[in-house]
Colleague: 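Below you'll find the structure I mean.
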Amino acid sequence: MKTDTIAAIATGLGSAGISIIRISGEDALPVIDRIYRSKNGKKVLSKESSHTVHYGYIVDGDEVIDEVMVVVMKAPSTYTREDVVEIDCHGGIVVTRKILEIVLKNGARIAEPGEFTKRAFLNGRIDLSQAEAISDIIQAKNELALKNSIKQLRGGEYEILKKLRETILRDLAFIEAALDDPEHISLDGFDQTLLENLKKESAVIEKLIQESKNGRIIKEGIKTVIIGKPNAGKSSLLNRLVGEERAIVTEIAGTTRDTLEETINLEGITLQIIDTAGIRRTDDIIEKMGVKKALEFVSDADLILYVIDSSTKLDENDEEIFQLIREKRAILLLNKSDLEPVVIREEIEAESHHPVLLFSAKENTGMEELVKQIKDMFFQGELSLHEDIYITNERHREELTGALRSLLLVKESAENGMPEDFYSIDLMDAYEALGRIIGEDVEEDLVNMIFKEFCMGK
């Protein structure tokens, strides 16, 4: 681990009220002493108490650069467990960069992306899952994602995995002790105890894996694909959802040849919306390519919004779409409900086995019902989190899957009466897989890769 002094701009560059330059490391206090001047010129920040704020100036030699507030935080009670100094300066781009240059000139180096949080992890203040939660908080797209990341930051996931590892380690230790000292420690009847433990551990991990799909939806949003025949009103629906004229709308069928993608927040629900080309049989080469792409997006979607022109009779294209979405989560929207309908809602529900809503992009009706239906479909009607932690990190999900696989191998060995030393290998694999999630038994390359994804100054 590098122990030199690092610095970075911790706020976004732009015109703002303030900017923050963060410094961390063994020379953080000597650096600030070289460039800070109090109003009376007598205050030395390295001699001040920890967690105090000081008014003064940043200077470059005899030149005053800016009027600032400086926060002094001394180790170990800091974010990185090192001495930390934060300079609150005016928020202009030029002045912020100038102060950073002065800090670097006086003994610090520019921090790598995520290096402050990396030091917090390496110094034992947080575990790896908490460090990744910090990145998730910064990138949260909705309130649910934020709340779930806060739970993870407060150690919710760590506590679950810690208990699992403790149980696995106890069983491992007992087996090893019995194998080393069979005269005093008997393994008679241990198989049943082990199987009971494995049952409980596997159930916890299976639940975490099973709910990880909801975790992905909370974090990234619902992959929502709008499909339908040409001129059914798909682009009008996209414009209504986005709140602006994002897609061109005309009376000419087949206007949309490629996909349009937008991310919106709809009453707390994040939707990754993709508007696709109209699905129909066609000899137009370009339109065929658009239809092919639409079908590819449908296969990977969390939610299908199938727009039907209620003023036009169904045909063989609709029948093909019904078959396409039969096993998918889908909501059917009878658009143009302001016109004389020729499609009966009840018949469509019976045919498609999906909820059908009346909708009119032109008359601006049906949006409340659509939001309610999405909440019912994905969040059981309540847009809230229960006490459980949702796994939102793909790396965590893969390690959990590996741990579960190892525990099931132990279960198979125990049920088949295999020698106890066979159990140890797979139990250790499960123990290490869970450890990699929280940062124990983790390789340096993986740590570097994780923190490389962080923003500068964090």
Side-chain angles (χ1 to χ4, degrees), residues 1-126 131 134-135 137-138 448 451-458:
M1 174 181 170
K2 298 176 182 177
T3 58
D4 53 348
T5 300
I6 57 175
I9 300 168
T11 47
L13 274 176
S15 297
I18 64 168
S19 289
I20 298 174
I21 294 93
R22 175 180 286 166
I23 312 168
S24 179
E26 56 190 14
D27 288 331
L29 294 173
V31 167
I32 196 64
D33 282 343
R34 296 183 192 115
I35 64 174
Y36 169 83
R37 295 291 181 272
S38 62
K39 191 171 182 179
N40 60 16
K42 297 180 179 179
K43 185 180 289 187
V44 179
L45 293 186
S46 60
K47 296 181 180 179
E48 298 295 322
S49 300
S50 181
H51 292 76
T52 54
V53 183
H54 307 272
Y55 166 78
Y57 304 93
I58 295 297
V59 297
D60 186 11
D62 294 328
E63 180 186 1
V64 174
I65 303 301
D66 194 18
E67 182 182 35
V68 299
M69 301 291 288
V70 179
V71 183
V72 174
M73 294 168 280
K74 297 183 178 180
S77 300
T78 69
Y79 183 69
T80 60
R81 283 194 172 167
E82 301 173 329
D83 289 337
V84 173
V85 173
E86 290 186 354
I87 304 169
D88 292 8
C89 64
H90 288 98
I93 295 174
V94 175
V95 67
T96 304
R97 285 180 169 166
K98 179 66 175 176
I99 292 174
L100 178 61
E101 288 174 9
I102 295 169
V103 169
L104 299 179
K105 186 170 68 173
N106 282 273
R109 67 165 172 83
I110 195 73
E112 298 170 0
E115 191 169 3
F116 292 94
T117 306
K118 182 179 180 180
R119 290 189 176 201
F121 162 65
L122 293 174
N123 287 327
R125 198 186 76 79
I126 55 175
I134 292 169
S135 181
I137 288 171
I138 295 170
N448 291 336
F451 288 103
K452 188 178 180 181
E453 302 301 318
F454 278 58
C455 58
M456 292 292 293
K458 194 61 184 177

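Worth knowing before you read on, the calculation uses all heavy atoms, side chains too, and leaves out hydrogens, waters and symmetry mates.
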Colleague: Going from CD1 on Ile93 to OG on Ser19, what distance comes out if it is rounded to the nearest 0.5 angstrom?
Modeller: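 Rounded to the nearest 0.5 Å, the CD1-OG separation comes to 8.5 Å.
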
Colleague: Which of these, Ile58, Thr96, Val71, sits in a side-chain contact (heavy atoms from CB on, under 4.5 Å) with Ile87?
Modeller: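 Result: among Ile58, Thr96, Val71, Ile58 is the only option passing the side-chain contact (heavy atoms from CB on, under 4.5 Å) with Ile87.
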
Colleague: Could you give me the CA-CA distance, side-chain angles and deciding distance for Val59 and Val64, then say whether side-chain contact (heavy atoms from CB on, under 4.5 Å) is met?
Modeller: CA-CA 4 Å; Val59 297; Val64 174; 4.1 Å; yes

Colleague: Taking only residues two or more places apart in sequence or in another chain, which ones pass side-chain contact (heavy atoms from CB on, under 4.5 Å) with Asp62?
Modeller: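 Partners of Asp62 under the side-chain contact (heavy atoms from CB on, under 4.5 Å) test: none.
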
Colleague: Measuring only between side-chain heavy atoms, which start at C-beta, is Thr78 closer than 4.5 Å to Asp83?
Modeller: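 Not in contact.
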
Colleague: For the OG1 atom of Thr80 and the CD1 atom of Ile23, what is their distance to the nearest 0.5 Å?
Modeller: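 Reported to 0.5 Å precision, the distance equals 12.0 Å.
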
Colleague: List the atom of Glu48, the atom of Lys74, and the distance in Å for their closest heavy-atom pair.
Modeller: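 Heavy-atom minimum between the residues: O-NZ, 2.6 Å.
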
Colleague: Listing request: all ring-ring contact (aromatic ring centres under 6.0 Å, His included) pairs with a residue in residues 61-120, at least two apart in sequence or in separate chains.
Modeller: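 Sorted pair list comes back empty.
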
Colleague: Go through the structure and list residues passing side chain to side chain donor-acceptor pair (under 3.5 Å) with Arg37, not counting sequence neighbours.
Modeller: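 Listed in chain order: nothing, the list is empty.
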
Colleague: A side-chain contact here means heavy atoms from C-beta on lying under 4.5 Å apart; do Val103 and Ile35 qualify?
Modeller: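 With C-beta onward as the side chain, the pair touches.
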
Colleague: Between Lys118 and Ala131, is there a donor-acceptor pair closer than 3.5 Å when you use the side chain of the first and the backbone of the second?
Modeller: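 Checked: no pair found.
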
Colleague: Within this structure, what is the CD1-CD distance for the pair Ile32 and Glu86, rounded to the nearest 0.5 Å?
Modeller: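 Going from the CD1 atom of Ile32 to the CD atom of Glu86 covers 11.0 Å.
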
Colleague: Rounded to the nearest 0.5 Å, how far does OG1 of Thr117 lie from CG of Leu122?
Modeller: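 Result: 11.0 Å between the selected atoms.
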
Colleague: Could you tell me whether the side chain of Asn40 and the main chain of Lys42 form a donor-acceptor pair under 3.5 Å?
Modeller: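 Side chain of Asn40 to backbone of Lys42, a donor-acceptor pair under 3.5 Å: yes, one is there.
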
Colleague: Looking at CD1 of Ile110 and CG of Leu104, how far apart are the two atoms once the value is rounded to the nearest 0.5 Å?
Modeller: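 Answer rounded to 0.5 Å: 5.0 Å.
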
Colleague: Between Arg119 and Asp4, does the salt bridge (charged side-chain N to carboxylate O under 4.0 Å, His left out) criterion hold? Intermediate values first, please.
Modeller: CA-CA 11 Å; Arg119 290 189 176 201; Asp4 53 348; 3.0 Å; yes

Colleague: What residue pairs, at least two apart or across chains, pass ring-ring contact (aromatic ring centres under 6.0 Å, His included) with a residue in residues 27-59?
Modeller: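 Non-adjacent pairs meeting ring-ring contact (aromatic ring centres under 6.0 Å, His included): Tyr55-Tyr57.
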
Colleague: Quick one: CD1 on Ile21 to CG on Asp88, what's the gap to the nearest 0.5 Å?
Modeller: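 Interatomic distance, Ile21 CD1 to Asp88 CG, rounded to 0.5 Å: 8.5 Å.
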
Colleague: Within the side chain of Asp33, is there an N or O that forms a donor-acceptor pair under 3.5 Å with the backbone of Ser46?
Modeller: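 Present.
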
Colleague: Where do Thr5 and Gly107 come nearest, in terms of heavy atoms and distance?
Modeller: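 Closest approach of Thr5 to Gly107, heavy atoms only: CB-O, 4.3 Å.
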
Colleague: Closest approach of Ala111 and Ala8, non-hydrogen atoms and distance?
Modeller: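 Distance-wise, the nearest heavy atoms are CB-CB, 4.0 Å.
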
Colleague: How close do Ile99 and Cys89 get, counting heavy atoms only, and between which atoms?
Modeller: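 Smallest heavy-atom distance, with atoms named: CD1-CB, 3.5 Å.
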
Colleague: List the residues meeting side-chain contact (heavy atoms from CB on, under 4.5 Å) with Lys105, not counting sequence neighbours, and say none if there are none.
Modeller: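 For Lys105, the residues satisfying side-chain contact (heavy atoms from CB on, under 4.5 Å) (neighbours in sequence not counted) are Asp60.
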
Colleague: Checking salt bridge (charged side-chain N to carboxylate O under 4.0 Å, His left out) for the pair Lys98/Glu63: CA distance, chi angles, key distance, verdict?
Modeller: CA-CA 12 Å; Lys98 179 66 175 176; Glu63 180 186 1; 5.4 Å; no

Colleague: Give the minimum heavy-atom separation between Ala108 and Val31, together with the two atoms involved.
Modeller: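 Minimum heavy-atom separation between Ala108 and Val31: N-CG2, 4.2 Å.
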
Colleague: Just wondering, are more than 12 heavy atoms of other shown residues or ligands nearer than 6.0 Å to CZ in Arg34?
Modeller: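 Yes.
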
Colleague: Which pair of heavy atoms, one from Val84 and one from Ser24, lies closest together, and at what distance?
Modeller: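 Here Val84 and Ser24 meet closest at CG2-OG, 3.7 Å.
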
Colleague: For Ala10, which residues count as a side-chain contact (heavy atoms from CB on, under 4.5 Å) partner, sequence neighbours excluded?
Modeller: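 side-chain contact (heavy atoms from CB on, under 4.5 Å) list for Ala10, sorted by chain: Ile20, Arg22.
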
